[in-house]
Amino acid sequence: MPWRLLPTMPSICHPLMNPPPELDTAMEHTLPALPFAIDALAPHYSKETLEFHHGKHHNAYVVNLNNLQKGTDFESMTLEEIVRKSSGGIYNNSAQIWNHTFFWNCMKPAGGGEPSGALAAAINSKWGSYTAFKEAFVKSAVGNFGSGWTWLVKKPDGTVDIVNMGAAGTPLTTSDTALLTVDVWEHAYYIDYRNMRPKFVETFLDKLANWSFAEKNFS
Ligand code: FE2
């Protein structure tokens with residue numbers, strides 16, 4: 001099943017001061033909690049990196065979106081609807097919220113290794129072996145110029161592919177299904193890896209990747 005971000009709950013209104021809840025469809029977005037303890041990915045992805053990446057960067061997108069959507073039709077939409085229908089600042093911040101929440105789920109303590117089952121078969125069919133896929137994924141992520149995201153996606157025909165996207169790009173706006181992603185904005189790796197993006201992407205695959213999450217997205 002493709003991963004779905006749970007919609008944010010509608011804001012609660014005081015019955016005497018605000019419209020009744022059934023008339024108030026405004027939705028305040030909140031920063032989703034990490035799916036693991038903040039120090040659980042160390043030493044490959046440190047607590048300090050997550051304090052900044054999740055607590056500062058991801059949170060800033062949430063704050064920005066809540067400010068930007070005030071008084072617009074986007075206030076009553078789910079996050080995924082906003083990503084699909086918006087542009088400019090509202091798109092950038094909503095897509096970055098979705099991408100980061102997806103990215104946290106792409107990592108787990110003692111992750112890495114190789115996928116199994118149908119996803120492994122699809123990867124072998126496309127690249128010949130996991131080793132060849134890994135080489136292609138790292139090469140793609142390292143060559144993703146500037147800030148962006150490198151995705152493993154499922155195409156509408158059921159095959160898999162690697163897609164580079166810049167800035168707040170997300171497969172949510174395409175016909176592809178996101179399976180796994182690595183954030184290649186410098187804020188994702190500079191504290192732990194400095195300028196060594198290749199080392200970060202290799203470590204992401206070898207030690208952090210949550211293949212069971214990708215397998216669920218593929219099924
Ligand atoms: Fe990021």
Side-chain angles (χ1 to χ4, degrees), residues 3 5-6 8 29-68 79-80 82-83 86-109 111-112 137-138 140-153 162-174 176 178-210 213-214 217:
W3 177 77
L5 180 62
L6 290 173
T8 315
H29 301 278
T30 54
L31 179 67
L34 290 169
F36 38 72
I38 197 163
D39 58 355
L41 303 183
H44 310 298
Y45 210 67
S46 68
K47 178 183 175 188
E48 185 183 6
T49 287
L50 283 164
E51 283 170 346
F52 277 86
H53 199 180
H54 176 255
K56 306 288 185 190
H57 292 279
H58 195 178
N59 189 59
Y61 299 126
V62 173
V63 171
N64 290 342
L65 179 60
N66 284 332
N67 287 331
L68 288 168
L79 184 66
E80 292 190 9
I82 296 171
V83 173
S86 64
S87 60
I90 291 184
Y91 169 80
N92 286 334
N93 285 283
S94 60
Q96 285 292 79
I97 295 171
W98 193 93
N99 286 353
H100 280 88
T101 305
F102 189 90
F103 176 53
W104 309 137
N105 283 278
C106 290
M107 298 191 285
K108 66 176 184 180
F137 189 87
V138 172
S140 191
V142 170
N144 193 350
F145 186 77
S147 300
W149 301 81
T150 296
W151 302 84
L152 174 65
V153 300
I162 296 166
V163 176
N164 271 354
M165 292 179 146
T170 177
L172 211 53
T173 59
T174 74
D176 296 341
L179 303 179
L180 191 82
T181 194
V182 64
D183 182 347
V184 294
W185 285 59
E186 280 190 346
H187 70 219
Y189 58 86
Y190 214 83
I191 290 172
D192 291 327
Y193 297 88
R194 297 303 178 194
N195 61 325
M196 295 183 290
R197 188 192 288 187
K199 182 67 180 164
F200 164 57
V201 179
E202 284 167 16
T203 304
F204 168 79
L205 287 177
D206 291 343
K207 306 291 186 185
L208 298 168
N210 183 352
F213 175 69
N217 295 327

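Just so you know, residue 1 is the first one in the sequence shown, and it goes up from there. Ligands are counted one by one from 1 in listed order, and the atoms in each one are counted from 1 as well.
- Qualifying ring-ring contact (aromatic ring centres under 6.0 Å, His included) partners for Y193, counting only residues two or more places apart in sequence or in other chains: F200.
- I162 meets the side-chain contact (heavy atoms from CB on, under 4.5 Å) test with W127, F133, A136, F137, S140, T150; sequence neighbours excluded.
- The environment of NZ in K199 is sparse: at most 12 heavy-atom neighbours from other residues, nucleotides or ligands sit within 6.0 Å.
- For the Fe ion (ligand 1), the neighbouring protein N/O/S atoms at less than 2.8 Å, given as residue and atom, are H53 NE2, H100 NE2, D183 OD2, H187 NE2.
- Remark: H187 engages H53, H57, H100, W185 in a ring-ring contact (aromatic ring centres under 6.0 Å, His included) (not counting sequence neighbours).
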- Task: For side-chain contact (heavy atoms from CB on, under 4.5 Å), just list the numbers for T174 and M165, CA-CA rounded to whole Å, side-chain angles, deciding distance to a tenth of an Å, and then say yes or no.
- Result: CA-CA 11 Å; T174 74; M165 292 179 146; 3.8 Å; yes
- Check the pair W149, F103 against side-chain contact (heavy atoms from CB on, under 4.5 Å), reporting the backbone distance first and the verdict last. CA-CA 10 Å; W149 301 81; F103 176 53; 3.8 Å; yes
